[in-house]
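This report refers to the structure that appears directly beneath it.
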There are 2 protein chains.
Amino acid sequence: MASEEPLPHLRPTSWAVLGLLSFGEELSGYDLKKWADWSLRFFYWAPSYSQIYGELRKLEEIGYATSRVVNKDDVRGKRLYTITPEGEQAVARWASEAPVEMPVLKHGVMLRMWLGHASDPDQLRAMLVEHREQSEKMRVRAVADAEGASHEPGWAYPEMVLRWAERYYADERDRADTMLSELDAVRAKQRRSSTAKRTTRARRSSADLRQHRA
Amino acid sequence: MASEEPLPHLRPTSWAVLGLLSFGEELSGYDLKKWADWSLRFFYWAPSYSQIYGELRKLEEIGYATSRVVNKDDVRGKRLYTITPEGEQAVARWASEAPVEMPVLKHGVMLRMWLGHASDPDQLRAMLVEHREQSEKMRVRAVADAEGASHEPGWAYPEMVLRWAERYYADERDRADTMLSELDAVRAKQRRSSTAKRTTRARRSSADLRQHRA
DNA sequence: CCCAGACTATTTCGGTTAGTAATACTCCTA
DNA sequence: TAGGAGTATTACTAACCGAAATAGTCTGGG
């Protein structure tokens, strides 16, 4: 309940790995990666092996996780990680207390739309259609994952987030649809005026930019 | 129109910087950063100085931009960059032809919700409320930016994307509202059962995890 | 029986990216 | 005229990511 000393500064990805462990399983780096690809991927992260293993070493160093080697016969046996009580306490506190930050969004499709003045509208249209389809696919996958998950009471939160993700991708799909019709409107307008002046390339004036920046 | 030789491989952030230049202004790295913070930030990127300047050097090296030094009196005069015709052609082709990739989303708030089983529901609630407010703020800022922008025909695409961004943050806000009520439902259920068994910490069984991974 | 192919498991590598602080000038204003 | 905000660029370091190398295990078909 009470928060005494400050949490050690770890970045979110470390907390994410510790969070995966916080469900109580004894897991290998490989397991962790697989599980993250099932769950965290939809709203946070599809980690690489190098990161997972790096984080695990770090977590063990600071005492939030312990590992034991399961020596199947001989060389390089696999290493299973477990969260420690300190680790459990730390995730719990982090999840409760960390400052709220805006999610990071890197939307390549929108970047290309933003630059649309220079592009072929037909290809932009094709891009949006494909993006729409990809979003729908992600939505479906999120639904499938939510169904595959356990329905024990402890799973209420992951389920909630998966539902959130489903809606997120549904919204993404719908926004693509809206933009598609906006694009069609622009294309229609351009077609109408294209017979008149064909080579004119609209360009922002200095005055506009300055106004915008002000 | 025709796409002859393949585009040089640059990553999206380079294209983004070149894209900013493609509006025709002669800009310094500092200007670029400021403009990116106004526009790209909402859907793509809030770049750091080091990145901007690095990209600009690279862009000049491959001939997509040129620069001239404006020597204000003495030392370290500022350097203004302009896009070259080759650069213009390249952005145009990239924006049309690049493969469509799913946007990257890193949602710390959802990560913490996902880990909710270990946290204090009241604090989760406060986190969601704050996230809701931040989303709304972003929405308002996107609207303000759209209004501040020029309404020339060449600006149709940036405007379209800003409208998209406004809706994006509105949707984000609405999803937070939905989750808020779901969380309240969970809290109500927990309160009802808390008198019975207080210390039980729900934990996933091995069998469940294996099923999920299968 | 044994070989191919798929799966498990971890490490290494190089290049990219990101954040932050340091530097240094200019312009405004109290 | 000193301080603060704004302009402009560079340097440093840690983090990150993808891809591939390595290597053992397990399964089914010939």
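Numbered from 1 within each chain, the chains take letters A, B, ... in sequence-line order.
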Nucleotide dG24(D), atom P - distance to OH of Tyr30(A) in whole Å:
16 Å
So which nucleotide from dT7(D), dT11(C), dT10(D) ends up closest to the side chain of Tyr53(A)?
dT11(C)
What is the separation between atom CD on Glu60(A) and atom C1' on dT10(C), rounded to the nearest whole Å?
15 Å
CG of Asp37(A) versus C1' of dC7(C): gap in Å, rounded?
15 Å
Answer whether the closest heavy-atom distance between the side chains of Tyr30(B) and Tyr53(B) falls below 4.5 Å.
yes
Looking only at side-chain N and O atoms, does Lys58(B) come under 4.0 Å of OP1 or OP2 in dT16(C)?
no
Gap between atoms CG and P, on Leu32(B) and dA8(D) respectively (whole Å):
12 Å
Rounded to whole Å, the CG-P distance (Asp31(A) to dT8(C)) equals 9 Å
Pairing residues for Trp45(A) by the ring-ring contact (aromatic ring centres under 6.0 Å, His included) criterion, not counting sequence neighbours:
none
By the 4.0 Å heavy-atom rule, please label Ser48(B) as base, sugar-phosphate, or nothing.
base
Trp38(A) side, atom CH2; Leu20(A) side, atom CG - distance, nearest 0.5 Å:
14.5 Å
Counting only side-chain nitrogens and oxygens, does Arg57(A) get under 4.0 Å of the OP1 or OP2 atom of dT11(C)?
yes
Just wondering, do Phe23(A) and Leu115(B) contact through their side chains at under 4.5 Å, heavy atoms?
yes
Across the strands shown, which category fits Lys33(B) at heavy-atom distances under 4.0 angstrom: base, sugar-phosphate, nothing?
nothing
Output the rounded distance in Å from CD1 (Ile52(B)) to P (dT10(D)).
13 Å
Write down the distance between NZ (Lys78(B)) and P (dT26(C)), rounded to a whole number of angstrom.
13 Å
Between Tyr44(B) and Trp114(A), does the ring centre distance come in under 6.0 Å?
no
Taking the side chain of Tyr49(A) as heavy atoms from C-beta outward, which of dA20(D), dT9(D), dC16(D) is closest to it?
dA20(D)
Using nucleotides 13-15 of chain C, report all nitrogen or oxygen pairs with the protein that are shorter than 3.5 Å.
none

With sequence neighbours excluded, residues passing ring-ring contact (aromatic ring centres under 6.0 Å, His included) with His131(A):
His107(A)
Would the distance check show the side chain of Tyr157(B) and the main-chain N or O of Ala118(A) forming a donor-acceptor pair, the cut-off being under 3.5 Å?
no
Return the value, rounded to whole Å, for the distance between atom CH2 of Trp35(A) and atom P of dT8(C).
17 Å
